[in-house]
Amino acid sequence: MRRAAKAFAWIALVYGAPPMLLLISGLFEGGWRMIVFLGLVALPLLPLILMQDSRDWRTPPPSVPLAVAVVSLVATTLLYLRLFGVIQWRLPWGAAG
């Protein structure tokens, strides 16, 4: 299970790297989207952070980084589909997203 968690964490990082660079450039536009962009930038890094050993806090079981890596892969896939125009969504107030 630990190997699978480590593999998925690295896959999530490699798969999420290009959108991370795009979203970092979008941070400079400002507005309320900065919070969403920061969350999406941090998401591929989170599984690797959770797998680190530290004296101050206990390392979570391997299923936690694995679950976070799967969530990261799903979020990145949705972001890719949105960037390439495969899916489109509308914001609740009617503006196109």
Side-chain angles (χ1 to χ4, degrees):
M1 183 78 153
R2 185 150 175 85
R3 277 190 191 158
K6 187 178 276 192
F8 269 89
W10 281 105
I11 290 170
L13 181 64
V14 170
Y15 188 64
M20 281 174 55
L21 296 174
L22 289 173
L23 291 171
I24 287 173
S25 66
L27 283 176
F28 298 109
E29 292 180 10
W32 61 272
R33 294 175 289 182
M34 285 177 53
I35 298 169
V36 175
F37 287 171
L38 282 173
L40 288 172
V41 166
L43 198 55
L45 299 172
L46 196 56
L48 289 175
I49 292 170
L50 287 173
M51 293 182 70
Q52 296 298 314
D53 292 326
S54 175
R55 284 186 262 167
D56 297 336
W57 58 288
R58 189 172 59 93
T59 305
S63 59
V64 173
L66 182 64
V68 172
V70 169
V71 168
S72 173
L73 289 170
V74 169
T76 305
T77 301
L78 289 174
L79 187 63
Y80 275 129
L81 292 175
R82 173 66 178 108
L83 288 174
F84 293 125
V86 176
I87 60 172
Q88 295 179 359
W89 53 72
R90 298 221 174 259
L91 298 174
W93 48 88

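Atoms considered below: every heavy atom in the structure, side chains included; atoms not considered: hydrogens, waters and symmetry mates.
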#### Entry: T77 side chain vs L73 backbone, donor-acceptor pair below 3.5 Å
yes

## Note on the structure
Heavy-atom nearest pair, L66 first then A4, reads CD1-O, 3.9 Å

### Task
Work out which heavy atom in R2 is nearest to a heavy atom in M51; give both atom names and the distance.
NH2-O, 3.9 Å

### Option passing side chain to side chain contact (heavy atoms under 4.5 Å, CB included) with M20 (candidates L40, L43, L45)
L45

### Message
Determine whether a donor-acceptor pair (N or O, by modelled atom type, separation under 3.5 Å) exists between the side chain of Y80 and the backbone of Y15.
### Response
yes

### Summary
Tightest non-hydrogen contact, residues G16 and T76, listed as CA-CG2, 3.9 Å

### Message
I need the minimum non-hydrogen distance between P65 and L50, along with the two atoms involved.
### Response
CG-CB, 4.1 Å

### Query
Considering the options I11, V68, L13, which one meets the side chain to side chain contact (heavy atoms under 4.5 Å, CB included) requirement together with P47?
V68

#### Entry: Smallest separation among heavy atoms of A12 and A69, with atom names
CB-O, 4.0 Å

### Task
Indicate if V14 and L46 have the same hydrophobic cluster label, given that clusters are the connected sets of ILVMFWY residues with side-chain heavy-atom separations under 4.5 angstrom.
no

